[in-house]
Protein chains: 2
Amino acid sequence: MTDESWITRFDGLSRLEPRIQEILLSRSTVIDVEAGTVLFGPGRAPQNLLLLLEGTVRVQQTSDTGREVVLYRVTAGESCVLTTACLLAYEDYSAEGVAETDIRAAAIPRHVFDDLIAASKEFRNFVFSAYSKRITDLFHVVEEIAFRRMDIRLAQKLLERAEGDTVKATHQQMAAELGTAREVISRQLSEFQRRDWIEQSRGTIRLTDRAGLEKLAATQG
Amino acid sequence: MTDESWITRFDGLSRLEPRIQEILLSRSTVIDVEAGTVLFGPGRAPQNLLLLLEGTVRVQQTSDTGREVVLYRVTAGESCVLTTACLLAYEDYSAEGVAETDIRAAAIPRHVFDDLIAASKEFRNFVFSAYSKRITDLFHVVEEIAFRRMDIRLAQKLLERAEGDTVKATHQQMAAELGTAREVISRQLSEFQRRDWIEQSRGTIRLTDRAGLEKLAATQG
DNA sequence: GCCGTTCAGTGATCTAGTCACACAAGACCG
DNA sequence: CGGTCTTGTGTGACTAGATCACTGAACGGC
């Protein structure tokens, strides 16, 4: 991918007026960040709006007791808009964003972001619909955590995160996805295994019966 | 309060350029809404940005099993910005906003909102910091639900919602505040009563020992 | 004062989270 | 190759929270 063409990667940006695209390209910089880097978090306020070109960013929350929960992921072609809001005020939030893979992103300085918002209706639409997506993601997380059973949530997560028929994750990592404890995941997975829905080995889970998992994932409650 | 002066009620708006204040006043309408009205929700997309002059709006989520959880409240002097985001896309969210009291609000049509965003840096700051507050509220809700013990959360909620030394709410309503079941609240309150922290009567709870509640509310876990 | 409705109390049972460990699978290394 | 270290997983016992199925108490309106 050439850096000059990255705008085409974003649905909402390719419709921008050419003049605005120009500004976007000339006043942003494409950066590469290594997997595992903390992009923002307590005491690490982001200075730029990031438009993700390659890789994924995981946004998660950590409790004082050490438990974690994944709030949402930003994937290639999406923007990390919530950080723009969190730039402004309320630095006391405890969520953090971590590069889950090596990533490449276009970084737009805050004042350029502000200029673009003022100048372009299309850019405003892009930004506000990105907000919209994140906020509905958060609503969804609240709903899942507050009301949905663990076994159902775990089945959903396995299906969602499977590449081919395998999920590469430790029980601890799955627990962090769902905001629960490792033991809970271990027990649920044992049960799934007993039902011959999965096979387990250290650090990976093979889905041997998607239909079984899908049936559970589709149930209410 | 005269309608002409409502802008002064909003910290972030009183600094607006006079020209912009003019637009805001002339192109918005002050509306009165009765307590209990659903302002937005599934199938009821809001057409305006609301700036709340009097009263409070409760934003909550309902599960298919009938349980509820309060996400946040909008109070006088604040704006209902998340609805602007949700106007745009993703109508499938299940959160709803209810007038908790009789309310008075300035309603700004969507296209005026867009014009103001384009025209005024101060207005942009106002909107983005409102977003910022709501999003950190949501992060906070996730953290509470996922990691905090019920007794602690209930103690906090009682202190937060007390007017004088009484909380006017049924057990069912407190359960909806915290996203739990009524029985859980009943049992926790019995325990608080046993410890002489509260007195109960139908629909009201009197805090007789704030210190006790505060001590519990301050504990971790 | 009666009656219907809304609130609150309670036991039994199930699911989830916590604590304290034991043990197994690789990783590293002499 | 066998030892030891780290990391991941299994398990029992216990506490907290959710669910179900009730009972009875309090209040509102005739």
Side-chain angles (χ1 to χ4, degrees), chain A residues 36 61-69 142-158 166-195 198-206 216 219-221, chain B residues 36 61-69 142-158 166-195 198-206 216 219-221:
Chain A
Q61 180 128 5
T62 307
S63 81
D64 22 65
T65 63
R67 267 173 60 195
E68 292 184 1
V69 59
V142 171
E143 184 171 18
E144 290 282 300
I145 294 179
F147 305 131
R148 200 78 65 202
R149 294 172 50 97
M150 269 314 311
D151 51 356
I152 295 170
R153 295 174 58 207
L154 179 55
Q156 287 172 342
K157 216 28 133 183
L158 287 173
T166 67
V167 177
K168 277 239 164 293
T170 65
H171 294 185
Q172 182 58 63
Q173 287 167 337
M174 291 305 291
E177 288 284 327
L178 299 172
T180 183
R182 200 257 319 155
E183 297 91 319
V184 175
I185 298 295
S186 293
R187 287 185 180 121
Q188 294 289 357
L189 288 178
S190 304
E191 178 59 19
F192 288 180
Q193 188 170 34
R194 199 192 59 73
R195 297 188 198 171
I198 62 167
E199 282 170 8
Q200 297 191 66
S201 61
R202 209 188 160 100
T204 64
I205 301 154
R206 266 198 57 221
L216 175 61
T219 58
Q220 302 288 20
Chain B
Q61 179 126 8
T62 308
S63 82
D64 21 67
T65 63
R67 269 174 57 198
E68 292 184 0
V69 59
V142 171
E143 185 171 16
E144 290 283 299
I145 294 179
F147 305 131
R148 201 77 66 199
R149 293 172 51 97
M150 268 315 309
D151 52 356
I152 295 170
R153 295 174 57 206
L154 179 55
Q156 287 172 343
K157 213 33 131 184
L158 287 172
T166 66
V167 176
K168 277 237 165 293
T170 65
H171 294 186
Q172 182 58 62
Q173 287 167 336
M174 291 305 292
E177 289 283 328
L178 299 173
T180 184
R182 201 252 323 152
E183 296 91 319
V184 174
I185 298 295
S186 293
R187 288 183 179 125
Q188 294 289 356
L189 288 178
S190 303
E191 177 59 20
F192 289 180
Q193 189 170 36
R194 199 191 60 73
R195 297 188 197 170
I198 61 167
E199 282 169 9
Q200 298 190 65
S201 62
R202 195 174 228 250
T204 65
I205 301 154
R206 264 199 58 222
L216 175 61
T219 58
Q220 302 289 21

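Numbers restart at 1 for each chain; the letters A, B, ... are given by sequence-line order, proteins then strands.
With rounding to whole Å, Glu199(B) atom CD is found 17 Å from dA8(C) atom C1'. Met150(A) places its CE atom 13 Å from the P atom of dT15(C), with the value rounded to the nearest Å. If you take CZ of Arg194(A) and C1' of dT11(D), they are 17 Å apart, rounded to a whole angstrom. Rounded to whole Å, the distance from CZ on Arg148(B) to C1' on dA16(D) is 16 Å. Regarding Leu154(B), its CG atom lies at a distance of 12 Å from the P atom of dA18(D), rounded to whole Å. Between the CD atom of Glu191(A) and the C1' atom of dT9(D) there is a distance of 17 Å, given to the nearest Å. When rounded to the nearest whole Å, the span between CD of Gln172(A) and P of dG10(D) equals 13 Å. One interatomic measurement links the two molecules: CG of Leu216(B) to P of dA16(D), which rounds to 12 Å at whole-angstrom precision.
Picking from dT19(D), dT18(C), dG17(D) the nucleotide with the shortest atom distance to the side chain of Arg149(B) gives dG17(D). The Asp151(A) side chain lies nearest to dA16(C) when the options are dT19(D), dG9(C), dA16(C).
Look at Thr180(A) and you'll find a side-chain N or O under 4.0 angstrom from OP1 or OP2 of dG17(C).
Residue Arg202(A) places no side-chain atom within donor-acceptor reach of the base of dT9(D), judged by atom type and a 3.5 Å distance cut-off alone. The base of dG9(C) sits with one of its N or O atoms less than 3.5 Å from a complementary donor or acceptor on the side chain of Arg182(B). Between the side chain of Arg187(B) and the base of dG11(C), at least one donor-acceptor pair of N or O atoms lies under 3.5 Å. In the interface, the side chain of Glu183(A) is paired with the base of dC19(C) through a donor and an acceptor atom under 3.5 Å apart.
Nucleic acid contact for Gln193(B): none, since no nucleic acid atom lies under 4.0 Å from a heavy atom of the residue. Residue Arg153(B) is out of contact with every strand shown, counting any heavy-atom pair closer than 4.0 Å. Among the atoms of the strands shown, only primed sugar atoms or phosphate atoms (P, OP1, OP2) are found under 4.0 Å from some heavy atom of Gln188(B).
Comparing Ala146(B) and His171(B) by the nucleotide of DNA chain C that holds the closest heavy atom to each, the one mapping nearer the 5' end is His171(B). The 5' end of DNA chain D is approached more closely, in terms of each residue's nearest nucleotide, by Ala169(A) than by the other of Ser201(B) and Ala169(A).
Here Glu199(B) pairs with Arg206(B) under the side-chain hydrogen bond (donor to acceptor under 3.5 Å, both in side chains) rule; sequence neighbours left out.
Within the 3.5 Å criterion, the main-chain N or O of Gly66(B) finds no donor-acceptor partner in the side chain of Thr62(B). A donor-acceptor distance shorter than 3.5 angstrom exists from the side chain of Gln173(A) to the backbone of Thr170(A), with no hydrogens or angles considered.
Of the inter-residue distances, the one linking Leu154(A) atom CG with His171(A) atom NE2 reads 9.5 Å to the nearest 0.5 angstrom.
Between Met174(A) and Val167(A), the closest side-chain pair of non-hydrogen atoms falls below 4.5 Å.
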